[in-house]
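Computed from heavy atoms alone, side chains included, the values below leave out hydrogens, waters and symmetry copies. Keep in mind it's a predicted model, so treat the numbers as computed, not measured.
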Amino acid sequence: MKRALRALSLTLLGAVLLGVLPGCGAAADERQIVRIGHNQSTGHPTHIALTAFEAFIEERLGDKYNVEVYPSELLGSQNEMVQLTQTGAINFCVASNSLLETFSENYSIFNLPYLFASSEAYHAAMDDENVTGPIFSSTKQAGFEAVTWLDAGTRNFYTVSAPIESPADLKGLKIRTQQSPTNVEMMRLLGGSATPMGFGEVYTALQSKVIDGAENNEMALTDNGHGDVCKYYSYDMHQMIPDILIGNLAFLDSLNEQERAVFEEGFALVNRVEREEWSLAVENAKRKAQDEQGVQFYYPDTAPFQQACAPLHQSMLAGNPALIPTYEAIEAYNAQYPSTGT
């Protein structure tokens, strides 16, 4: 089934890029197609926010632009979509921060475990252009730049056979991580074995016990069915990593001043709608996981996890001193918005 869906995705992608889908290049519609891809379902906050963006742009600039949003990896895997955005084959896509770390080491700071003391500190720092601006523009040489960030909640461990209540419980376990050097090192420090793979492969890997667990937010349990296999979800709260909406640089630079202003309003709308929808979605996901999937939630002491991961902070700053001002700005927000516990 997965192979058939993948074949369908590739067929659709070819049709999109050749411009033979209905409405693509038809003589009756000379508007420029603006294609946006992401890897989430149509009920996910990311898709809801992007469809709000679609409606906004077409309301304001509908005589020139026709926005099309492609969910569920219809335009390829996340890595493939980033490459397509680089070349301009598509205009925008949502990428994990961890993936962007491979294009610019500046993104590694947001992958640090226990970087943010609380969700309030996380949101305040990510809303501060002095914090995000230099990082978001650091991929221009690769042909794209970030235009806004999306809340992806708190990343926690979930497993098939037993809960994770201390770092010792990770010993010998193969845990799916994002494809990021920082995440691989985090797992080494915590005593587990990192198994990087694409998100679309995780369910089958869990089901077949190729891996023992994964780490993600609560939505992965319900939207992606991981709670059907993994019955233990542990709030170690090791990361708050944003997803990033990136845009092709040539397309962004082609916009005139008025158009760019409208698109900037649209990017702000994406951020606002996604964050509103995220809070509701997490509540619903947790309720569904407990009541329908039988997932048990655990709240371990996070201090041992934080202590194990502390060396990553020192090594990252030593390797990239230019990020020290950004790190210090985040620490200031942590002092302003300290943890209040779970």
Side-chain angles (χ1 to χ4, degrees), residues 36 38 45-46 49-50 53 78 81-82 85-86 91-155 178 180-183 217 239-249 251-253 255 260-261 263-279 312-313 316-317 319-337:
I36 309 174
H38 66 89
T46 291
L50 289 174
F53 174 81
Q78 200 170 88
M81 285 189 284
V82 170
T85 304
Q86 278 186 281
N91 306 89
F92 299 93
C93 76
V94 177
S96 70
N97 185 85
S98 297
L99 176 58
L100 295 180
E101 182 184 346
T102 64
F103 291 90
S104 168
E105 63 180 4
N106 290 343
Y107 275 97
S108 64
I109 192 169
F110 295 139
N111 289 335
L112 281 178
Y114 302 105
L115 175 64
F116 300 105
S118 65
S119 59
E120 292 79 11
Y122 167 48
H123 292 162
M126 294 302 301
D127 284 339
D128 185 344
E129 191 172 339
N130 292 322
V131 172
T132 60
I135 297 170
F136 283 3
S137 62
S138 65
T139 56
K140 283 187 174 182
Q141 77 285 351
F144 65 87
E145 67 176 326
V147 294
T148 193
W149 67 280
L150 306 175
D151 194 353
T154 303
R155 298 185 76 89
Q178 296 184 84
S180 149
T182 301
N183 285 35
N217 56 63
Q239 286 169 316
M240 299 179 192
I241 306 180
D243 284 335
I244 308 293
L245 179 63
I246 65 170
N248 173 262
L249 191 61
F251 171 75
L252 292 169
D253 287 346
L255 300 172
R260 184 62 187 255
F263 270 81
E264 290 294 341
E265 285 186 64
F267 302 148
L269 176 68
V270 171
N271 178 275
R272 184 170 66 253
V273 172
E274 194 273 344
R275 285 162 68 174
E276 291 170 355
E277 292 291 332
W278 184 265
S279 297
L312 259 175
H313 290 235
M316 188 276 293
L317 294 175
N320 193 350
L323 287 176
I324 291 176
T326 302
Y327 185 85
E328 291 176 343
I330 292 171
E331 286 288 88
Y333 282 118
N334 287 338
Q336 185 177 354
Y337 303 102

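Taking CZ of Phe267 as the reference point, atom CZ of Phe92 lies at 4.0 Å (rounded to 0.5 Å). Taking CD1 of Ile135 as the reference point, atom CE of Met126 lies at 7.5 Å (rounded to 0.5 Å). Between the OG1 atom of Thr85 and the CG atom of Leu249 there is a distance of 12.0 Å, given to the nearest 0.5 Å. Taken to the nearest 0.5 Å, the OG1 atom of Thr46 stands 11.5 Å off from the CD1 atom of Ile36. Rounded to the nearest 0.5 Å, atoms CG (Leu252) and CD (Glu264) are 8.0 Å apart. We find the OG1-CD1 distance between Thr326 and Ile109 to be 5.0 Å, quoted to the nearest 0.5 Å.
Ring geometry for Phe116 against Phe110 counts as parallel: the plane angle stays under 30°, on a 0 to 90° scale with 60° as the upper cut.
Checked against ring-ring contact (aromatic ring centres under 6.0 Å, His included), Phe144 has the following partners two or more places apart in sequence or in another chain: Phe103. Listed by chain and number, the residues in a side-chain hydrogen bond (donor to acceptor under 3.5 Å, both in side chains) with Asp127 are Trp149, Arg275 (sequence neighbours excluded). Among residues two or more places apart in sequence or in another chain, the side-chain hydrogen bond (donor to acceptor under 3.5 Å, both in side chains) test is passed with Tyr333 by Asp128.
Within the 4.5 Å cutoff, the side chain of Tyr107 has no heavy atoms near those of the Ser180 side chain. Cys93 places a side-chain heavy atom less than 4.5 Å from the side chain of Val82. Residues Trp278 and Leu150 have side chains not in contact (no heavy-atom distance under 4.5 Å, counting atoms from C-beta outward). Between Gln178 and Glu101 the shortest side-chain heavy-atom distance does not fall below 4.5 Å. With contacts defined as side-chain heavy-atom distances shorter than 4.5 Å, the pair Ile246/Leu100 qualifies.
Among all heavy-atom pairs drawn from Asn106 and Pro134, the shortest one is ND2-O, 4.4 Å. Between Pro321 and Pro325, the shortest heavy-atom distance links the atoms O-CD, 4.0 Å. Taking each heavy atom of Ser98 and Ile241 in turn, the nearest pair found is OG-CD1, 4.0 Å. In plain terms, the two heavy atoms of Ala152 and Asp243 that are nearest each other are CB-OD2, 3.9 Å. Taking both residues in full, the closest heavy atoms of Ala125 and Ile330 are given as CB-CG1, 4.1 Å, listed atom of the first, atom of the second, then distance. Looking at every heavy atom in both residues, Leu323 comes nearest to Ser108 through CD1-OG, 4.2 Å.
Between Tyr327 and His313, the distance from one ring center to the other falls under 6.0 angstrom.
Side chain of Asn334 to backbone of Ala117: a donor-acceptor contact under 3.5 angstrom is found. Between the side chain of Ser118 and the backbone N or O of Tyr337 there is at least one donor-acceptor pair closer than 3.5 Å. Remark: side-chain polar atoms of Glu274 are paired, donor with acceptor, to backbone N or O of Asp151 under 3.5 angstrom. For Gln78 (side chain) and Ser96 (main-chain N/O), a donor-acceptor pair under 3.5 Å exists by modelled atom type.
Partner of Gln239 under the side-chain hydrogen bond (donor to acceptor under 3.5 Å, both in side chains) criterion, chosen from Asn111, Thr154, Asn217, Asn183: Asn183. Partner of Phe53 under the side-chain contact (heavy atoms from CB on, under 4.5 Å) criterion, chosen from Leu245, Val270, Val273: Val270.
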Decide side-chain contact (heavy atoms from CB on, under 4.5 Å) for Phe136 and Ile244; before the verdict, give the C-alpha distance in whole Å, the side-chain angles of both, and the deciding distance to 0.1 Å.
CA-CA 9 Å; Phe136 283 3; Ile244 308 293; 4.0 Å; yes
